[in-house]
Amino acid sequence: MTKKGYIFFLRKRGYNLTLQRIILISYFYDNQNKMISTQTIINHLKKGKKNISFDTIYKNLILFADIGLLNYEKIEGQKFFYLRNKV
């Protein structure tokens, strides 16, 4: 699926397309087939000077998992998220 397809998926379910959500979708799209921890995402966004709070990131990761955009696995008490290939 294309990046636009994932964005359309979110829009189709009635969610607003905030800049933070687009940044997160883009990050996961650019890192397909990787399991990524919340801390890794935060560190990457800080390097790129993206001002997104931990709470916003975590809230959107959980939302994306709830609606089927992302999957996650819990490893040693930490959640690792990854983009679903088909939604």
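Position 1 is the first residue of the sequence, and the numbers go up from there. Atom set for the values below is all heavy atoms of this structure, side chains included, hydrogens, waters and symmetry mates excluded.
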Quick one: pull up CG in Leu83 and CG in Asp30 and give me the separation to the nearest 0.5 Å. 10.0 Å
Are Leu19 and Phe54 co-members of a hydrophobic cluster defined by side-chain heavy atoms under 4.5 Å apart? yes
Nearest heavy atoms of Gly68 and Arg84, plus distance in Å: O-CD, 2.8 Å
According to a 4.5 Å side-chain heavy-atom criterion applied to Ile, Leu, Val, Met, Phe, Trp and Tyr, with indirect links allowed, do Tyr82 and Tyr27 form part of one hydrophobic cluster? no
Between CG on residue Leu45 and OG1 on residue Thr40, distance to nearest 0.5 Å: 10.5 Å
To the nearest 0.5 Å, atom NZ of Lys12 lies from atom CD1 of Ile67 at 11.5 Å
Might you confirm whether atom OH of Tyr72 has over 12 heavy atoms from other residues, nucleotides or ligands at distances under 6.0 Å? no
Nearest-0.5 Å distance that lies between atom CG in Leu69 and atom CE in Met1: 8.5 Å
Quick one: pull up CD1 in Ile7 and CZ in Arg21 and give me the separation to the nearest 0.5 Å. 12.5 Å
Tell me whether Ile42 shares a hydrophobic cluster with Phe80, the cluster being built from Ile, Leu, Val, Met, Phe, Trp, Tyr side chains joined at under 4.5 Å. no
Can you tell me how far the CZ atom of Phe28 sits from the CD1 atom of Ile36, to the nearest 0.5 Å? 5.0 Å
Mind listing the closest non-hydrogen atom pair of Asn60 and Thr56 along with its distance? ND2-O, 2.9 Å
Quick check on Asn16: does its CG atom have over 12 non-hydrogen neighbours (other residues, nucleotides or ligands) under 6.0 Å away? no
Please give me the minimum heavy-atom distance between Tyr29 and Lys3, naming the atom from each residue. CE1-N, 3.4 Å
ILVMFWY network linking Leu63 to Leu61, side-chain heavy atoms under 4.5 angstrom: yes
According to a 4.5 Å side-chain heavy-atom criterion applied to Ile, Leu, Val, Met, Phe, Trp and Tyr, with indirect links allowed, do Leu24 and Ile22 form part of one hydrophobic cluster? yes
